[in-house]
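The chain is numbered in sequence order, starting from 1. Order of appearance sets the numbers: ligands from 1, and atoms from 1 within every ligand.
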Amino acid sequence: MRHFTCVQDLGDLKQALREAFEIKKDRFQFTELGKNKTLLMVFFNSSLRTRLSTQKAAMNLGMNTIVLDVNQGAWKLETERGVIMDGDKSEHLLEAIPVMGCYCDIIGVRSFARFENKEDDYTEKILNQFIQYSGRPVFSMEAATRHPLQSFADLITIEEYKKTERPKVVMTWAPHPKALPQAVPNSFAEWMNATDYEFVITHPEGYELDPKFVGHARVEYDQKKALEGADFVYAKNWAAYKDPNYGKVINMDRSWTVDTEKMALTNNAYFMHCLPVRRNMIVTDDVIESPQSIVIPEAANREISAQTVLKKILEGLQ
Ligand code: CP
């Protein structure tokens with residue numbers, strides 16, 4: 001594998017899952033693979049889980065890691081071509097990217113949707129510039145439209161906890177005070193569509209996702225109806241995708257918060273969220289603290305998804 005930006009890059013998903021479970025049994029069995037190889041992790045946005053889990057995964061493989069927080073200590077970067085750089089930005093991304101490529105073997109990039117220009121976001125302008133100009137394998141640590149390391153960890157977690165071959169997985173929108181990107185829900189939908197699970201998406205009207213990601217999911221506007229019989233409840237907020245409201249919060253309806261009453265409609269479902277989560281907006285204290293909440297094992301599996309992806313990229317470098 002050269003680059004990793006979406007589920008298709010993994011190739012055979014069942015095989016990738018087998019590799020992930022093999023790594024989970026003994027995460028130090030490939031320590032020679034990354035010897036004398038350097039991972040550069042570039043963050044345009046904040047992170048807790050991605051930063052720690054990816055660094056740990058790289059260390060498990062024997063790699064060295066460098067972390068660059070673009071907004072803390074680096075030169076301010078211009079990303080638009082043609083701009084007369086007489087403002088506060090000292091360096092252009094088009095020089096910065098190949099320079100970064102000089103110091104490492106693999107680059108991970110986190111660059112969220114900016115909600116300034118839908119086309120720039122949905123063509124993954126920043127991530128693709130890294131792929132084009134770094135000369136290195138690049139993987140997404142959450143880009144504008146997808147968060148594949150998260151979705152891979154989510155899938156590993158569902159596979160571990162599922163009690164039936166074809167569980168019912170419900171992704172529900174939940175309220176949040178800020179405009180959040182669609183990367184996590186898009187990506188989760190894309191990965192669920194790559195399985196044969198029963199997959200339902202529920203959200204208030206106006207929060208329809210890009211049909212490309214919705215795929216063959218059933219979209220249900222009645223949250224309670226959607227949750228009936230669910231085996232997994234995956235909660236997430238996202239801002240509107242559809243024009244003219246792209247990137248806007250159009251509704252903060254707290255009746256969509258996942259609470260014990262809603263969970264009672266399910267088939268004793270497990271509760272999932274990618275974290276960080278705003279308690280009593282997205283989910284109540286009672287639900288996230290309940291035995292059915294698997295948000296911590298889900299986060300723990302971020303190390304496994306990152307290690308599986310890094311291993312596959314390192315094998316491609318051999
Ligand atoms: N879920 C996730 O990506 O967490 P961070 O934003 O903390 O990395």
Side-chain angles (χ1 to χ4, degrees), residues 4-7 9-10 20 39-60 65-72 106-115 121 124 126-127 130 138-158 160-161 169 171-174 176-192 213 232-239 258 270-279 281-283 287-288 293-310:
F4 175 70
T5 66
C6 62
V7 65
D9 290 333
L10 275 186
L39 168 65
L40 171 63
M41 300 163 65
V42 182
F43 288 93
F44 289 84
N45 309 94
S46 305
S47 167
L48 187 153
R49 278 143 291 274
T50 305
R51 177 184 302 258
L52 298 180
S53 62
T54 310
Q55 202 162 354
K56 176 66 165 56
M59 292 189 306
N60 293 348
T65 60
I66 308 173
V67 179
L68 177 68
D69 287 298
V70 172
N71 299 319
Q72 287 170 22
I106 300 175
I107 304 184
V109 181
R110 165 163 285 202
S111 174
F112 291 174
R114 298 177 177 186
F115 290 150
D121 290 342
E124 292 289 5
I126 303 289
L127 184 67
F130 274 87
V138 172
F139 66 96
S140 166
M141 298 194 300
E142 185 171 345
T145 63
R146 294 178 176 91
H147 192 357
L149 286 177
Q150 179 65 51
S151 310
F152 191 12
D154 297 335
L155 178 60
I156 292 167
T157 311
I158 293 172
E160 285 177 326
Y161 281 83
V169 179
M171 178 169 78
T172 178
W173 180 94
H176 193 283
K178 290 187 173 170
L180 297 187
Q182 296 100 23
V184 169
N186 282 346
S187 201
F188 186 72
E190 188 170 63
W191 285 65
M192 290 300 102
F213 293 105
F232 293 89
V233 175
Y234 192 93
K236 186 70 186 86
N237 172 269
W238 60 88
V258 178
Y270 289 109
F271 175 81
M272 300 179 72
H273 189 281
C274 63
L275 305 181
V277 70
R278 292 194 181 226
R279 283 179 176 222
M281 286 294 295
I282 301 277
V283 59
V287 171
I288 199 163
S293 169
I294 53 172
V295 295
I296 305 304
E298 181 185 359
N301 278 332
R302 290 293 306 275
E303 179 183 341
I304 305 304
S305 65
Q307 193 170 336
T308 310
V309 166
L310 282 172

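Within the listing of ligand 1, atoms 1 (N) sit less than 4.0 angstrom from a heavy atom of Cys274. Counting the atoms of ligand 1 from 1 in the order shown, those under 4.0 Å from a heavy atom of Leu48 are 5 (P), 7 (O), 8 (O). Atoms of ligand 1 lying under 4.0 Å from at least one heavy atom of Arg302, given by number and element, are 1 (N), 2 (C), 3 (O).
Atom 3 (O) of ligand 1 has its nearest heavy-atom neighbour, among His147, Arg51, Glu142, Glu298, in His147.
Taking CE from Met141 and CG from Leu127, the interatomic distance works out to 10.5 Å, rounded to the nearest 0.5 Å. Interatomic distance, OG of Ser305 versus CD of Gln150, reported as 7.5 Å (0.5 Å rounding).
Counting only heavy atoms from C-beta outward, the side chains of Pro297 and Tyr161 approach each other to under 4.5 Å. Using a 4.5 Å heavy-atom threshold, the side chains of Tyr270 and Ile158 count as separate.
Counting heavy atoms under 4.0 Å from ligand 1, residue Leu149 does not touch it at all.
Screening Val7, Asp154, Val169 against Met192 for a side-chain contact (heavy atoms from CB on, under 4.5 Å) leaves a single residue, Val169.
For the pair Asn186 (side chain) and Arg146 (backbone), a donor-acceptor distance under 3.5 Å is absent.
At the top of the distance list for atom 6 (O) of ligand 1, counting protein heavy atoms only, stands Arg110 NH1, 2.8 Å.
Within the structure, ligand 1 lacks Met141 among the residues with a heavy atom less than 4.0 angstrom away.
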